Every structure is written in C-alpha cells, then in structure tokens.
Amino acid sequence: QCDGDTTMALLLGGVRLAFDDQSGPARCSRIVYPLATPGTYDVKVAGAGGTRVTEYILDVEFVETECGDGLPELLEQCDQSEWMMLALLL
C-alpha cells in the first residue's frame, strides 16, 4: 500500500535490475524479478515525478521455483538450476 504515486527500483551492486512506476494497485509500484545471482539487493522507493511519499508498506515475497516440476510458475525459465523469484509490492 502507498499513499501516493510511487516508483520503485531493484538494484544489485548499484546496478538497476528492474524499475516500475504503476504496475501495482492504484498508483503503487510492483516488481517481480528472478534472483539468479546471490548478493545483497537494494530497493529504492520514491515519489513519481518528484512527489513526496510519506508512508508506504513494502511487501516482499520470495517464491522458490523448481524447473521440470510440470507446473507453470510465474516467469519460470527452466535451465539446469533452481532460483528464487522476488515479488515486491508497495
């Protein structure tokens, strides 16, 4: 949930991996991204267009996907390894 129009970026080592403006409910941001690389990820939240966002709730969900299990999972791209899916919602 957010009280205004937000933007959100997912970063790894200062490199922006994903960005969103309004894929979540209302004018909130949402990022779904496969975490294929171990490391410390950062999430940057800001008001869109320089607006101020004074309050928000960040919902983080990690979903383990398993290739070859016969189930079509969110953004599944099978290879020889398993990876984690990150879902961020404001």
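If you're wondering where the values come from, they're calculated on a predicted model, not measured in any experiment.
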* **Candidate list Val53, Thr51, Asp21, test side-chain contact (heavy atoms from CB on, under 4.5 Å), partner Thr6, passing option** => Val53
* Under 3.5 Å, side chain of Asp20 to main-chain N/O of Met8, donor-acceptor pair present? ->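 Such a contact is absent between Asp20 side chain and Met8 backbone.
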* Sub-3.5 Å donor-acceptor pair from the side chain of Ser29 to the main-chain atoms of Gln22, do we have one? ->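 No, because the side chain of Ser29 does not come within donor-acceptor range (under 3.5 Å) of the backbone of Gln22.
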* Structure fact -> Scanning both residues in full, the closest heavy-atom pair of Tyr41 with Leu17 reads CE2-CD1, 3.5 Å
Transitive ILVMFWY side-chain link [X] to [Y], under 4.5 Å:
X: Tyr56; Y: Leu10; answer: yes
X: Leu58; Y: Tyr33; answer: yes
X: Leu11; Y: Val15; answer: no

* **Value rounded to 0.5 Å, distance of CG in Asp42 from CG in Leu12** =>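 That separation rounds to 8.5 Å.
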* **Distance, nearest 0.5 Å, that separates CD1 of Ile31 from OG1 of Thr7** =>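 One gets 9.0 Å once the value is rounded to the nearest 0.5 Å.
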